[in-house]
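The structure appears right after this line, and notes come after that.
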Amino acid sequence: MMLAANLKNYTPHGLEFLDWAVIITYMLLSIGIAFFVAKHKSKNITEFFVAGRNLPWWLLGTSIAATWFATDAPLAVTALVRSKGIYGNWLWWYLGTGIMMMVFFYAKYWRRAEILTDAEMIELRYSGKSASVLRGFTAAFFGIFKNCISLGWVILAMLKFSNIMLGWSAEFALGITLTFALVHTLTSGIKGVVILDMLHFSAGTISTIILAILVLVQIGGPTELATQISSRADAPAGVLDMLPDLSHIGATEMIAFVCLIGVLWLGQAQGDGYIVQRLFSAKNEKHAIKASLWFAVAGVVILTWPWIVVGLGSIVILPISEATPALLADPELAYPMMINAVLPAGLKGLLVAAFMAAFMSTVDTHLCWGGSYMVNDIYKRFINPKGNDSHYLFVSRMSIVLLLLLSAIAAWQMDSIAGAWIYIIEIVSGIAIILMLRWFWWRINAWSEITSMISALFLANGFLWIKWMHDFGWVNDTVLAQVNGWYQDDVALIRATVILLLCTVISLVVTFATKPVDNDKLLAFYKKVRPKGWWGPIAAQVPDFVDTSSSRDSWLGFVFGVIFLNSILFSVGHLVLGSYTTALLLIVVGGITGWLTLKLVETAKTQETL
């Protein structure tokens, strides 16, 4: 692990008594709430993992956004700003378009399905042994492999943060933070996690906004921030560009950006994982829709700009040309260093506490999500389908412990948060379109998904296969060099787009080459979910269940929602850079399209209104 080596010559600033008092008080409050919620014990895994499907939209949307405010996100944002500039944050801004599609096309279907995990959806939609195998593989892949990578980068960020802010060694920080997170998760279940997320989101957002304001004050305000950064020779070219400019980046990077915002957002369009687990917990379909919309605003806009401001401020306060060896080796360390450089005693403790609490909240979410896969889709489905509720609750808690240990191992082998993020984008992108189509086209079957997943895994790891073939003497050095060039980081997003298109084409060929899903299974799914789209042969058999409402409002809501989200996103950006007129115009556009988006959300057709 490179973390210890990078920080070898860095001396952390000690926290003062007031900081420690704030940290201890906040952590005791968090744990106290967790134990209070634990008094209302879950009776079964439905209550433990989806809170009895009775939570309001504002709590669920905040909970999803709070999971985004893990320790990894501010560190990764700051590093991208220092290395690429503001536009580098499209690595997560692009998700906003996908989330808006989830708001108007998928959120209601997820809630209507009344399932415990998105893997369970597979046997609701498909039939036969292929569906069973796919469900088990999906649970293992997403619940263990992808989940452990995601948790690994969150843990890695917490290790970096703890070392800078507290002076703890990586080993000690790992032990302390994971112990707190484990107790937090085992005592509360999803209901406790969601309630605590509200506290963590509020404290984290307020404290990061305060840090951003103090950075602006120290530098001299928004206009002075833009002026000083523009005059710095060591800042990346086009550091203040919110959209990439060909005069500042190469053609390859521009093509990668177009792939990201033009195609790869489809990977988030139907939602998955912990996001849809929250939607399963909603009171009804309208609450699931509103939760998705609030998450888009809170996660993409409210959270990211305070982090970006700190990243920009770090270019002035911690100049790249004067950076310490530790910071040069790992720019993700800039955020905790800025906390040390800017915040006074007390506020520093609050932000440290908020980061620790956000870390626990994110770990809780991923453990509950992964645990639900392991119990509902692996253990209960294939190993012991006849256990009682208390037995499954016990297995749930044991699976959470196992996931935490595997995630700690993943963190120990990981050096870059952003690098892990891009690898996940590559793998997930390959299955995106097929996962979207399964809701709207009756012909998609289990083999469609199996093919897309295997193809994505094969193509995303192509450099490994070529290396092995080279080691056996089956390919020469020239072929190896060409393939390795295709798997370089600078073409990662282009590669992900090619993987998505290839996997989709291959899967569609397999779809037509294999038999459709059993008619009875398709009828049962159609009557339960009542999807729109290309369901002609099935819909004709159950005309009373056909949703005859127009899709026009859904498409209008999606378009207005994307304009609204990006308008307010850029308005905040222009505001913090001193471009007040442009910011005002964007706020007006955002206000109008936001009002239209909300009207269309309110009138969205749900099961209750069909």
Side-chain angles (χ1 to χ4, degrees), residues 45 48-51 55 60-61 63-70 72-73 92 95-96 98-99 101-103 106-107 109-111 113 115-122 124 134-154 185 190 193-194 197 264-282 288 291-292 295-296 299-300 361-378 396 399-400 403-404 406-407 410 420-421 423-432 434-436 438-439 449 452-453 456:
I45 58 174
F48 188 78
F49 288 122
V50 294
L55 296 178
L60 293 171
S63 177
I64 302 171
T67 300
W68 268 35
F69 180 19
D72 63 304
W92 28 84
L95 294 172
I99 296 169
M101 179 156 279
M102 180 175 69
V103 170
Y106 292 97
Y109 291 148
W110 280 120
R111 179 60 183 84
I115 49 184
L116 201 63
T117 66
D118 49 344
E120 186 178 346
M121 159 73 177
I122 292 168
L124 180 69
L134 178 60
R135 180 178 178 179
F137 178 78
T138 299
F141 178 77
F142 286 98
I144 300 175
F145 176 73
K146 182 191 172 189
N147 197 23
C148 286
I149 291 179
S150 301
L151 266 177
W153 74 52
V154 172
T185 309
I190 193 65
V193 170
V194 169
D197 280 346
L264 293 178
W265 64 267
L266 292 169
Q268 187 59 54
Q270 69 136 17
D272 61 9
Y274 71 85
I275 294 176
V276 296
Q277 186 185 46
R278 297 297 191 272
L279 304 186
F280 301 154
S281 308
S292 304
F295 158 54
V300 176
S361 174
T362 302
V363 171
D364 292 346
T365 291
H366 281 275
L367 292 180
C368 279
W369 163 43
S372 66
Y373 280 130
M374 294 180 73
V375 175
N376 188 62
D377 302 301
I378 297 177
S396 299
S399 66
I400 284 170
L403 280 173
L404 194 60
L406 292 174
S407 301
W421 214 318
Y423 181 66
I424 289 294
I425 289 175
E426 281 189 58
I427 295 176
V428 174
S429 66
I431 61 178
I434 296 300
L435 293 184
M436 293 169 65
R438 66 182 179 178
W439 296 93
E449 281 197 42
S452 65
M453 292 185 76

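What you see below is based on every heavy atom in this structure, not just the backbone, and it leaves out hydrogens, waters and symmetry mates. Owing to the predicted nature of the structure, the values given are computational and were not obtained by experimental measurement.
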Between the side chain of Ser452 and the main-chain N/O of Glu449, is any donor-acceptor distance below 3.5 Å? yes
Point-to-point distance, once rounded to the nearest 0.5 Å, from [atom1] of [X] to [atom2] of [Y]:
X: Gln270; Y: Arg438; atom1: CD; atom2: CZ; answer: 4.5 Å
X: Phe137; Y: Ile122; atom1: CZ; atom2: CD1; answer: 10.0 Å
X: Phe142; Y: Tyr373; atom1: CZ; atom2: OH; answer: 6.5 Å
X: Leu279; Y: Met102; atom1: CG; atom2: CE; answer: 5.5 Å
X: Ile431; Y: Leu266; atom1: CD1; atom2: CG; answer: 12.5 Å
X: Leu435; Y: Met121; atom1: CG; atom2: CE; answer: 9.0 Å

If you compare all heavy atoms of [X] against all heavy atoms of [Y], which two are closest, and at what distance to 0.1 Å?
X: Leu124; Y: Ala113; answer: CD2-CB, 3.9 Å
X: Ala139; Y: Asp377; answer: CB-CB, 3.6 Å
X: Gln277; Y: Ser372; answer: NE2-OG, 3.7 Å
X: Phe280; Y: Leu116; answer: CD1-O, 3.4 Å
X: Ala288; Y: Ser292; answer: O-OG, 3.0 Å
X: Val300; Y: Gly96; answer: CG2-CA, 4.1 Å

Mind checking what makes salt bridge (charged side-chain N to carboxylate O under 4.0 Å, His left out) contact with Arg111, not counting sequence neighbours? none
Salt bridge (charged side-chain N to carboxylate O under 4.0 Å, His left out) partners for Asp118, two or more places apart: none
My understanding is that only residues two or more places apart in sequence, or in another chain, count here; which of them pass side chain to side chain donor-acceptor pair (under 3.5 Å) with Ser63? Asp197, Arg278
Mind checking whether [X] and [Y] have side chains closer than 4.5 Å, heavy atoms only?
X: Met453; Y: Leu134; result: yes
X: Arg135; Y: Asn376; result: yes
X: Trp110; Y: Ile115; result: yes

